[in-house]
Amino acid sequence: MTTPSASDADRPAGRGPTQATDRAAFYRQARTDQPGPLAGIRVLEATNYGAGPFCGMVLADFGAESIKVEAPAGDPIRLLSPFVGGTPGVENSTWYLSINRNKKGITLDLRRPEGQALFRRLAAQVDIVVENYTPGVMAGWGLGYADLAALKPDLIYVSVSGFGQFGPLSARKGFDPVAQAMSGLMSVTGEPDGRPLRAGFAFADDLSGWLGAMGAMAALWHRSATGEGQHVDSSLVDSLLYAGDMGVMAAANANHIAQRHGAGAQGAAPLNSYRARDGHHVFIHGVFDKAWAALCDVMQRPDLITDPRTASLAARAKNKALVDELVAAYAVRYTVEEIVAAAEHSGFIAAPVLDFGQVAREPHFLDRGSVAQVEHPLHGRLTLQGVSPKFSRTPAGVRSAAPTLGQHNAQIYGRLGLDANALHALKAEGII
């Protein structure tokens with residue numbers, strides 16, 4: 001549950017939020033001679049679908065050169081809709097375009113001995129290898145951690161899989177919904193009287209990729225001190241368990257099994273989404289006493305501040321249905337914009353429930369670069385999610401669009417001394 005910051009809690013009633021700084025001030029020390037804090041790091045990806053590419057995306061977003069290896073037919077995610085312009089095509093999938101930006105792309109058939117040999121040569125030139133095949137597949141191709149570490153002992157090798165590199169379930173194939181089902185996330189997602197639901201994002205893919213990247217960066221720090229490489233094992237299920245708040249702790253030690261509560265939460269009210277007069281929804285957070293008092297004043301119900309049923313946090317949690325009914329009756333009389341404005345000038349918290357079309361146009365996200373734009377050679381200007389962490393001295397951002405299939409073959413294989421004739425022969429044989 002998100003709670004107000006100290007500054008929010010201490011803000012006098014009647015005063016809206018103030019901006020701490022502006023964009024120019026934050027980036028006043030920004031360097032322009034490098035693409036991000038990981039500038040100079042090289043990554044080689046044997047990745048497809050979601051989790052592995054997410055890992056490589058984070059490293060590339062932070063300035064590393066990430067080389068994505070695809071089969072000659074392309075990453076299967078290229079076939080998933082929705083498509084830019086509504087037209088299916090290997091260069092049009094918004095899934096692929098979203099999570100492979102800032103990368104260089106080459107084609108290579110890792111099932112072929114010739115492809116495996118080329119991958120080993122490329123791996124000898126990088127700092128990090130990222131792969132997300134089912135455990136054992138890369139080793140079966142002679143491309144596992146032990147194989148590549150024998151060639152480059154300081155290599156950092158990140159494996160992202162459904163259930164990890166060891167354990168009773170490690171050989172199982174894992175996809176995002178499977179991890180959501182087995183991690184407890186699905187059991188707490190949905191309405192109280194409904195069936196368990198998959199969350200709206202591919203959280204397991206996202207988190208396992210992000211944590212794989214975090215592991216790689218921690219391993220880089222260790223290598224800088226010792227010269228030692230290592231194998232980083234990130235799994236979809238583990239990542240959701242890691243992000244599971246108090247779920248395991250409460251179940252194992254307090255005999256408390258978390259349940260589904262829709263948009264709300266157990267033990268807190270009001271904390272829910274409500275329909276406004278304009279037909280849109282607004283999320284209202286008035287859990288703590290000071291915020292509840294402010295909300296009661298705005299609702300013109302000061303009596304609720306001292307009403308025994310709603311006077312304390314515990315009382316409001318016990319009478320959650322009543323609190324939701326009261327707040328819903330208030331919300332339906334005003335527009336979302338009016339409710340948010342009232343919250344900013346009183347002391348409770350409210351936010352519009354935005355769809356992604358609205359997100360893409362939100363001025364705050366655009367100003368922060370959290371929604372970004374990039375030029376694509378086939379599609380022109382594309383809008384997509386930006387980079388979340390902001391670095392004041394080494395800014396990260398979306399520098400280039402996701403590569404077209406095999407776009408950088410000549411450049412990357414040229415580092416191995418392969419010329420146009422050699423690449424033509426490899427393509428004719430189906431190796432690239």
Side-chain angles (χ1 to χ4, degrees), residues 41-57 59-60 64-79 89-91 93 95-97 99-152 155-161 209 212 216 377 400-432:
I41 297 298
R42 281 185 172 177
V43 181
L44 182 63
E45 293 187 45
T47 65
N48 49 62
Y49 294 105
F54 269 113
C55 179
M57 181 195 77
L59 299 171
E65 179 192 65
S66 191
I67 304 164
K68 178 179 172 66
V69 175
E70 298 183 73
D75 183 338
I77 206 169
R78 288 176 175 269
L79 304 178
V90 295
E91 306 298 353
S93 171
W95 279 94
Y96 171 81
L97 293 166
I99 62 177
N100 289 291
R101 78 282 186 91
N102 286 336
K103 302 179 184 182
K104 295 180 178 176
I106 64 173
T107 50
L108 186 62
D109 190 344
L110 297 180
R111 299 169 300 177
R112 304 270 294 273
E114 300 91 338
Q116 295 157 10
L118 286 170
F119 190 89
R120 292 187 196 97
R121 293 176 65 187
L122 290 170
Q125 297 182 349
V126 304
D127 301 284
I128 302 169
V129 166
V130 180
E131 62 90 12
N132 69 318
Y133 285 92
T134 302
V137 170
M138 288 288 280
W141 291 335
L143 304 176
Y145 171 65
D147 303 303
L148 300 185
L151 302 174
K152 193 176 191 299
L155 181 70
I156 294 162
Y157 189 103
V158 182
S159 294
V160 187
S161 62
S400 60
T404 57
L405 189 60
Q407 180 178 341
H408 298 98
N409 279 354
Q411 177 186 352
I412 302 303
Y413 288 124
R415 296 174 183 174
L416 304 181
L418 301 180
D419 60 17
N421 290 332
L423 294 181
H424 181 76
L426 290 170
K427 186 171 183 178
E429 295 173 16
I431 297 169
I432 66 172

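None of the values given here were measured: they were computed from a predicted structure.
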Student: Do the side chains of N421 and H424 get nearer than 4.5 Å, heavy atoms only?
Tutor: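 No - every pair of side-chain heavy atoms lies 4.5 Å or more apart.
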
Student: With rounding to the nearest 0.5 Å, note down the distance linking CG in N100 to CE in M57.
Tutor: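 Separation between the atoms: 9.0 Å.
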
Student: Between R120 (side chain) and D147 (backbone), is there a donor-acceptor pair under 3.5 Å?
Tutor: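 No; judged by distance alone, with no hydrogens or angles, the pair does not exist.
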
Student: Going from CD1 on I431 to CD on Q116, what distance comes out if it is rounded to the nearest 0.5 angstrom?
Tutor: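 So the gap between those two atoms works out to 10.5 Å.
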
Student: Quick check, are the ring centers of W141 and Y133 under 6.0 angstrom apart?
Tutor: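 Yes.
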
Student: Among V69, L418, L108, D109, which one satisfies side chain to side chain contact (heavy atoms under 4.5 Å, CB included) with I432?
Tutor: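 In the set V69, L418, L108, D109, the residue that makes a side chain to side chain contact (heavy atoms under 4.5 Å, CB included) with I432 is L108.
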
Student: Do P377 and T404 touch side chain to side chain, with heavy atoms closer than 4.5 Å?
Tutor: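 Result yes, sub-4.5 Å side-chain heavy-atom pair found.
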
Student: Measuring from atom CE of M138 to atom OH of Y145, what distance do you get when rounded to the nearest 0.5 angstrom?
Tutor: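 OH of Y145 is found 14.0 Å from CE of M138.
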
Student: Working to the nearest 0.5 Å, report the span between CZ of R78 and OH of Y96.
Tutor: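 Reported to 0.5 Å precision, the distance equals 3.5 Å.
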
Student: Can you name the closest pair of heavy atoms from V130 and G52 and give their distance?
Tutor: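 Looking at all heavy atoms of both residues, the closest pair is CG1-O, 4.0 Å.
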
Student: Do V43 and D127 pass the side-chain contact (heavy atoms from CB on, under 4.5 Å) test, and can you show the C-alpha distance, the side-chain angles, and the key distance before you say yes or no?
Tutor: CA-CA 6 Å; V43 181; D127 301 284; over 6 Å; no

Student: Determine whether I128 and L59 make a side-chain contact, defined as any pair of heavy atoms from C-beta on separated by less than 4.5 Å.
Tutor: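 Side-chain contact under 4.5 Å: yes.
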
Student: Do you know the tightest heavy-atom contact between A123 and L148?
Tutor: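 Reported closest heavy-atom pair: CB-CD1, 4.0 Å.
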
Student: Can you name the nearest heavy-atom pair linking L405 to A71, along with the distance?
Tutor: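 Looking at all heavy atoms of both residues, the shortest contact is CD1-O, 4.2 Å.
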
Student: Donor-acceptor pairs under 3.5 angstrom involving side-chain atoms of residues 408-417: please list them, not counting sequence neighbours.
Tutor:
| residue | atom | partner | partner atom | Å |
| --- | --- | --- | --- | --- |
| H408 | ND1 | G105 | N | 3.0 |
| N409 | OD1 | T107 | N | 3.0 |
| N409 | ND2 | T107 | OG1 | 3.0 |
| Y413 | OH | T107 | O | 2.8 |
| R415 | NH1 | E65 | OE1 | 2.9 |
| R415 | NH2 | E65 | OE2 | 2.6 |

Student: Restricting to non-hydrogen atoms, name the atom on L110 and the atom on A46 that form the minimum distance, rounded to 0.1 Å.
Tutor: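 Minimum heavy-atom separation between L110 and A46: CD1-CB, 4.0 Å.
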
Student: A425: what forms a side-chain contact (heavy atoms from CB on, under 4.5 Å) with it, not counting sequence neighbours?
Tutor: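 So A425 forms no side-chain contact (heavy atoms from CB on, under 4.5 Å) with any residue.
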
Student: Please round to the nearest 0.5 Å and tell me the distance separating atom CD of Q407 and atom CD of E70.
Tutor: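 One gets 11.0 Å once the value is rounded to the nearest 0.5 Å.
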
Student: Assess the side chains of S66 and E45: does a donor N or O sit below 3.5 Å from an acceptor N or O?
Tutor: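 Their side chains do contain a donor-acceptor pair, which is all the 3.5 Å distance test asks for.
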
Student: So which atom in G430 and which in P72 form the shortest heavy-atom distance, rounded to 0.1 Å?
Tutor: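 That would be O-CG, 3.7 Å.
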
Student: With a 3.5 Å distance limit and no angle check, can you tell me whether K68 reaches the backbone of A402 through a side-chain donor-acceptor pair?
Tutor: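 Absent.
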
Student: About how many Å separate NZ of K104 and CG of L44, when rounded to the nearest 0.5 Å?
Tutor: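 Nearest 0.5 Å value for the CG-NZ distance: 13.0 Å.
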
Student: Please determine which of T47, L143, L155 meets the side chain to side chain contact (heavy atoms under 4.5 Å, CB included) test together with V129.
Tutor: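 Looking at T47, L143, L155, the match for V129 under the side chain to side chain contact (heavy atoms under 4.5 Å, CB included) is L155.
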
Student: Is any side-chain heavy atom of N132 closer than 4.5 Å to a side-chain heavy atom of N48?
Tutor: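 With C-beta onward as the side chain, the pair touches.
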
